[in-house]
There are 2 protein chains.
Amino acid sequence: MAAAVAIADAEGLAAVSIRRVAAELGARAMTLYSYIERKEDLLALMHDAIAAEVLVDEPLPDDWREALLLLARREREMVLRHPWRVELISQRIEVGPNGLRHVEQKLSVFDGFGIDRLTAWRILAAYADYMTGFVIREATDRRAPREQGINDAERAAVAEPYIRELIEGGEFPRLAPMIQEGVRGADDNFERGLSWVLDGIEADLHGR
Amino acid sequence: MAAAVAIADAEGLAAVSIRRVAAELGARAMTLYSYIERKEDLLALMHDAIAAEVLVDEPLPDDWREALLLLARREREMVLRHPWRVELISQRIEVGPNGLRHVEQKLSVFDGFGIDRLTAWRILAAYADYMTGFVIREATDRRAPREQGINDAERAAVAEPYIRELIEGGEFPRLAPMIQEGVRGADDNFERGLSWVLDGIEADLHGR
DNA sequence: TCGCATGCCGTACAGCGTATCAGTTTCGTA
DNA sequence: TACGAAACTGATACGCTGTACGGCATGCGA
């Protein structure tokens, strides 16, 4: 599992093949199948291993907003360390002990606020959805430049004129200037977006 | 492209291989490479094809909230029709004409509200992030039962006792009752979560 | 009728996950 | 110390993947 995580960190998830992991351990492919049943199990182990990095040891802030903010920052940082995590998100990975601990920790932020189970679950679902979307976008955006090196540059050289042509065709009056001039500061939206979500939730809680 | 979409709809994205698509068209594998350069191009075409289904022909509601809500519902329905879309999300697919039209349409909802570019971009980013997270969760949840049939059931039979054991160990006082008794209505959170996001944004706009 | 462009695809290669089964090492017990 | 069983390792093979290369057939303009 550690070997697989190291490979994924260094070369991406695609580089994690049974044969490659085995080679890293000085073994042959089939040896791994003494410990796992399918490759999917290895991915689940990797997933749970990095989930541990989000767990907070010391007590969380009493304020649920502050607590969720802290957990969100840790999750974001974890994904930046292990960008391949986003490729597992839409892959129906079995949840492990650390994943459960993380959910429990998120639930604990509502202790003492008299929030019923259903509401807590819904709040965490909305929070998790926003987080999922954000980290995916951030990770894939950052992956763009380096991932394939020259190959990507080649493709960009072909694709961009095509896009640029479309853009300049006049069909996109609102989008065109944004692409051409760029939108300064557009990629710095994590805290703000999260605040919007939490603001909406808080207003709803106080309103009822 | 249409053949590939049909296969993905019926059997999932994994079933879309070059050979399979070619077979569906009564051709051999290498024939496809007369029209695309890599499989990635085919995926991009599929992605852009279904993006068209989100576009709205008639004028959007004047109220930007109502307009975003309408677009969100259409996007959700589109993903439910083509659940394999979520597997493309974290895959750095080139944006196509319909994708651009969709962005332009989202930008158009702010016409007349005097919202600057940066703010509009940030609002749409937060909106898109929430949508991404939600549709991924919904699609993967729904995929669970059918995807692999017996195989999945087998795995669940092994995995569930393990999870159940963990849960019953007392380490998860908040999570345990939710798993054991379930949380009624927990999966009906789309409109509410989206409202929270939009509420937060709206409050911020009015506050400044 | 010729020359060439275009579309089609047979073959091949390196890689993948993993089923099967044979060989080797380790260990608990007598 | 000896033996049987269990655990571990891995060689081989199968069917699948994307795609590089090069040859063939057809149709069209001159």
Side-chain angles (χ1 to χ4, degrees), chain A residues 1-48 84 87-88 90-94 143 147-159, chain B residues 1-48 84 87-88 90-94 143 147-159:
Chain A
M1 183 201 75
V5 169
I7 294 171
D9 284 346
E11 303 169 45
L13 194 64
V16 178
S17 75
I18 295 288
R19 285 172 175 82
R20 179 79 164 72
V21 174
E24 210 73 26
L25 298 169
R28 288 323 107 117
M30 289 315 291
T31 303
L32 300 205
Y33 286 90
S34 304
Y35 307 91
I36 57 173
E37 262 187 1
R38 351 184 66 86
K39 188 188 181 185
E40 198 184 320
D41 299 344
L42 177 59
L43 297 179
L45 287 171
M46 295 168 68
H47 192 253
D48 205 57
W84 45 270
E87 293 175 62
L88 295 180
S90 55
Q91 217 169 306
R92 186 106 208 126
I93 292 292
E94 204 76 51
R143 187 163 38 164
E147 184 96 318
Q148 298 182 323
I150 296 169
N151 220 330
D152 237 16
E154 279 173 25
R155 296 186 62 72
V158 180
Chain B
M1 184 202 74
V5 168
I7 295 171
D9 284 346
E11 304 168 45
L13 193 64
V16 178
S17 75
I18 295 289
R19 285 172 175 81
R20 179 79 164 73
V21 174
E24 211 71 26
L25 298 169
R28 290 323 110 147
M30 290 315 292
T31 304
L32 300 205
Y33 285 90
S34 305
Y35 305 90
I36 58 172
E37 264 188 0
R38 350 185 66 84
K39 187 188 181 184
E40 198 184 320
D41 299 342
L42 178 58
L43 297 178
L45 287 171
M46 295 168 67
H47 192 254
D48 205 56
W84 44 271
E87 292 176 63
L88 295 180
S90 55
Q91 217 169 306
R92 187 107 208 122
I93 292 293
E94 206 77 51
R143 188 162 37 164
E147 184 96 318
Q148 297 182 324
I150 297 169
N151 219 331
D152 238 15
E154 279 174 25
R155 296 186 63 71
V158 179

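What you see below is based on every heavy atom in this structure, not just the backbone, and it leaves out hydrogens, waters and symmetry mates. Letters go in sequence order (proteins before strands), and every chain restarts at 1.
- For A:Tyr33 and C:dG17, the shortest distance from a side-chain N or O to OP1 or OP2 is not below 4.0 Å.
- When heavy atoms are screened at a 4.0 angstrom cut-off, A:Ala27 is found touching the sugar-phosphate backbone but no base atom.
- Atoms CD (A:Glu40) and C1' (C:dT18) sit 14 Å apart, rounded to a whole Å.
- Put simply, CD1 on A:Ile36 is 13 Å from P on D:dT9, counting in whole angstrom units.
- Taking atom NZ on B:Lys39 and atom P on C:dG15, their separation rounds to 19 Å, with Å as the unit.
- Atom P of nucleotide D:dT17 and atom CD1 of A:Ile18 are separated by 19 Å, given to the nearest angstrom.
- Across the protein-nucleic acid pair, B:Asp41 atom CG and D:dT19 atom P stand 9 Å apart, rounded to whole Å.
- Atom OH of A:Tyr35 and atom C1' of C:dG17 are 19 Å apart (whole Å).
- For D:dT19, the base has a donor-acceptor partner in the side chain of B:Arg19 [N/O atoms by modelled type, under 3.5 angstrom].
- A heavy-atom distance below 4.5 Å is found between the side chains of B:Val5 and B:Trp84.
- At a threshold of 4.5 Å between non-hydrogen side-chain atoms, the residues A:Ile36 and A:Ile18 count as touching.
- When each of B:Ala29 and A:Val16 is assigned the nucleotide of DNA chain C with its nearest heavy atom, B:Ala29 is the one assigned upstream, toward the 5' end.
- When A:Asp48, A:Leu43, A:Leu45 are each tested for a side-chain contact (heavy atoms from CB on, under 4.5 Å) with A:Met1, only one passes: A:Leu45.
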> Is there a side-chain contact (heavy atoms from CB on, under 4.5 Å) between B:Glu24 and B:Val21 once you walk through the steps?
Replying inline: CA-CA 5 Å; B:Glu24 211 71 26; B:Val21 174; 5.5 Å; no
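- Note on A:Ser34: a base of the nucleic acid sits closer than 4.0 angstrom, heavy atoms only.
- As rounded to whole Å, 6 Å separates atom P of D:dA11 from atom CZ of A:Arg28.
- One can place CG of B:Leu32 at 15 Å from C1' of D:dA20, the figure rounded to the nearest angstrom.
- Between A:Arg38 and A:Asp41, some side-chain heavy-atom pair lies under the 4.5 Å cut-off.
- Neither OP1 nor OP2 of D:dC8 sits under 4.0 Å from any side-chain N or O of A:Thr31.
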